[in-house]
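Inspection log for the structure reproduced underneath, given as structure tokens.
Fair warning: this is a prediction, and the values are worked out from it, not measured in the lab. What you see below is based on every heavy atom in this structure, not just the backbone, and it leaves out hydrogens, waters and symmetry mates.
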Amino acid sequence: MATTKRLPKPPKTHAAVTKLIRYVLNPSKTTDEESLYADSCNCSLVGAANQFRAVRDRWDKTSGNYAYHFVQSFKPGETTPEEAALCGKELAEALFGNDGFQVVFGTHLDKAHLHNHFVVNAVNSMDGKKLQTDHDFIRRMREENDRICKVHNLSVIEAPTDNGKSYAEWVIAHNGGFTWRGMIRHDIDELIPRVTTFKEMLKELECNGYTVNRRGKYLSLSPPGAKVNFRLYKLGNGYTEEDIAERIMYSDRRLAKESKAKPFRVRVKAYHLKSTFPIRSQGKLRGLYYVYLYRLRKLLNSSTYSNVPIQARHDTKLFKEFTEDATLLFDSKIDTVEQLLNLYYQLDEKRHKLCVKRLSLRKELTYCDSVDVAKSIQSQITELNPLIERLGNQMRSCERIYERSARVSETNREISVEQSEVIKSENVKPQNNNTEKTQKNERNDDNVSRS
């Protein structure tokens, strides 16, 4: 079995291409006691980097990616170095050599699994066109690799599985962070027990702010606040249209069986939910943002999204901005919108004066003849740049606070309502248990009196 992949960060300079080729042809990795496992197509191993550059210069393609790096890995113990090198040569000729691309490749023997490295010149030596490593090329590379493996009687991955997560998303989810796909999966899981058909689930998602799109045979969802669409089948196992419909059907049957049980009534006592935050004046801007930051922090450290408004989930992506805004409010002691506007006008005036001063210094620097005076002026400009940038950031924070304060207050209210409902549901359970114990004791007393 062999797998192929394109490595990220392709070289963009001649020095980087030279360094990459030296790594691929490293004798300590590509040689054993008998032979050297390295070869090339449309160029020679000696001076390959200079030959790559000559082709780029001839076709005037001296910008962008200079080369590409690919890897072909084999299952440990399945093949020999000779056969691995032969498979690499066949793959290089099929993908690059026959089309006029220069490629250098070597078989590395320093790991438990044998693997081939390919360095391909980004510019075609025959027509000057650049190599396009898009999805079609990756698919073609996998097909050629599978064909070569079958010819050499090596195993092939027949049906690769996809768990619907990239490595970056897996790391975020593993650390308890927020991801759009995780939010969509959670919302779908929450809706499945409450709906009876797939169409009803889509309507519920639209009511919750989702955008449902269908292009051809693929259905995609865009949660509120997201700028991209997410296809259902890419969410992982159990989230295709067929799988979700089957889960809804199974959940509907299970609930129908459970509904046959006799219902019971529980009397719920009224109670008052006390605030758990140290700032009492939550209506003011400082208290409002402190409470909201506290709740966003809890959401970031939590792996569940139950009973959380959709807007709060979206704001976890903007946690850094909310932290900067809260810092400005506390440093400047801003509690009202009037104070916020006064601060904004003061910052604008200071920034305008500094910008005028910097502009005059730049004009002086343009017509300055003395080197010492020019250095002095340049040092003054260098000191002004961070001050102007900091004032600009503070002004942007004021603008965000002015735009978001009403929404943050509404989201805080929704979170408080959700928390109160959770506490009510938690209080119901022990009361239910006490009711059952009381009924059981009454039955025992009746039996004793009868006896």
Determine whether T30 and T107 satisfy the following criterion, side-chain contact (heavy atoms from CB on, under 4.5 Å), listing intermediate values before the conclusion. CA-CA 5 Å; T30 58; T107 305; 5.9 Å; no
May I have the step-by-step check of side-chain contact (heavy atoms from CB on, under 4.5 Å) for L205 and L221, ending in yes or no? CA-CA 9 Å; L205 289 174; L221 301 175; 3.8 Å; yes
Please walk me through it: do K130 and Q132 pass side-chain contact (heavy atoms from CB on, under 4.5 Å)? CA-CA 6 Å; K130 278 203 165 185; Q132 303 297 322; 4.3 Å; yes
Passes side-chain contact (heavy atoms from CB on, under 4.5 Å), E389 versus N385? Steps please. CA-CA 6 Å; E389 183 180 0; N385 288 334; over 6 Å; no
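Between E190 and R185 there is no salt bridge, since none of the side-chain N atoms of the basic residue sits less than 4.0 Å from a carboxylate O of the acidic one. No salt bridge links R396 with E399; every basic N to acidic carboxylate O contact stays at or beyond 4.0 Å. Taking a cutoff of 4.0 Å between a charged side-chain nitrogen and a carboxylate oxygen, R139 and D136 qualify as a salt bridge. In summary, E241 and R214 engage in a salt bridge, as defined by a charged side-chain N under 4.0 Å from a carboxylate O. A salt bridge does not link R147 with E143: every distance from a Lys NZ or Arg NE/NH1/NH2 to an Asp or Glu carboxylate oxygen is 4.0 Å or more.
Once rounded to the nearest 0.5 Å, the distance linking CG of L354 with NZ of K350 reads 9.5 Å. Separation of atoms CG (N229) and NZ (K234) is listed at 11.5 Å; rounding is to 0.5 Å. Between the CG atom of L154 and the CG atom of N145 there is a distance of 9.0 Å, given to the nearest 0.5 Å. Remark: E93 CD to I148 CD1 distance equals 9.0 Å, nearest 0.5 Å. Atom CZ in R358 sits 13.5 Å away from atom NZ in K363 (nearest 0.5 Å). We find the SG-CZ distance between C149 and R142 to be 13.5 Å, quoted to the nearest 0.5 Å.
Between Y37 and T31, the closest side-chain pair of non-hydrogen atoms is not below 4.5 Å. With contacts defined as side-chain heavy-atom distances shorter than 4.5 Å, the pair F105/Q72 does not qualify. V119 places none of its side-chain heavy atoms less than 4.5 Å from the side chain of V103. Inter-residue side-chain proximity for C87 and T79 is flagged as unmet; no heavy-atom pair is nearer than 4.5 Å. Inter-residue side-chain proximity for E324 and R400 is flagged as met; some heavy-atom pair is nearer than 4.5 Å. Side-chain contact between M395 and R390: absent, with no pair of heavy atoms (C-beta onward) separated by less than 4.5 Å. A 4.5 Å side-chain heavy-atom check between I188 and L232 finds at least one atom pair inside the cut-off. At a threshold of 4.5 Å between non-hydrogen side-chain atoms, the residues L219 and N213 do not count as touching.
Classification of the F96-F137 ring pair by plane angle, with boundaries at 30° and 60°, yields tilted. Ring planes of H108 and H117: tilted class, angle from 30 to 60°.
When all heavy atoms of P224 and M183 are compared, the closest pair comes out as CD-CE, 4.3 Å. Pairing each heavy atom of H113 with each of F74, the nearest pair is CB-O, 3.2 Å. A pairwise comparison of heavy atoms in G106 and V24 identifies N-CG1, 3.7 Å as the closest pair. I244 and Y239 get closest at one heavy-atom pair: CD1-O, 3.5 Å. Across all their heavy atoms, L340 and I334 have their closest contact at N-CG2, 3.7 Å. Residues D110 and K29 come closest through the heavy atom pair OD2-NZ, 2.9 Å.
At distances below 3.5 Å, not a single donor-acceptor pair connects side-chain atoms of D348 with backbone N or O atoms of Y344. A donor-acceptor distance shorter than 3.5 angstrom exists from the side chain of N26 to the backbone of S28, with no hydrogens or angles considered. With hydrogens and angles disregarded, a donor-acceptor distance shorter than 3.5 Å links the side chain of N124 to the backbone of D99. Side-chain atoms of S409 never come within 3.5 Å of backbone atoms of A406 as a donor-acceptor pair (strictly under, hydrogens ignored). Under a 3.5 Å cut-off, the side chain of N121 and the backbone N or O of F52 do form a donor-acceptor pair. With hydrogens and angles disregarded, a donor-acceptor distance shorter than 3.5 Å links the side chain of S397 to the backbone of N393. Here the side chain of S332 pairs no donor or acceptor atom with the backbone of L329 at under 3.5 angstrom. Counting only distance, with no hydrogens or angles, the side chain of Q339 and the backbone of D335 share a donor-acceptor pair below 3.5 Å.
Taking a 6.0 Å sphere around CZ of R58, one finds it holds more than 12 heavy atoms contributed by other residues, nucleotides or ligands. More than 12 heavy-atom neighbours from other residues, nucleotides or ligands sit within 6.0 angstrom of NZ on K12. Annotation: R140, atom CZ; neighbour count of heavy atoms from other residues, nucleotides and ligands within 6.0 Å is above 12. Around atom CD of E206, more than 12 heavy atoms belonging to other residues, nucleotides or ligands sit under 6.0 Å away.
No side-chain donor from either of D243 and Y233 sits under 3.5 Å from a side-chain acceptor of the other. Of the N and O atoms on the side chains of N42 and S125, not one donor lies less than 3.5 Å from an acceptor on the other residue. A side-chain donor from one of Q51 and S44 sits under 3.5 Å from a side-chain acceptor of the other. Between the side chains of D372 and S370, no donor N or O sits under 3.5 Å from an acceptor N or O.
Figure legend: R6 and F70 shown without cation-pi pairing, the cationic atom not lying both under 6.0 angstrom from the six-membered ring centre and within 45 degrees of its axis. A cation-pi arrangement is present between R56 and Y66, with the terminal nitrogen or guanidinium carbon under 6.0 Å from the aromatic centre and inside a 45° cone about the axis.
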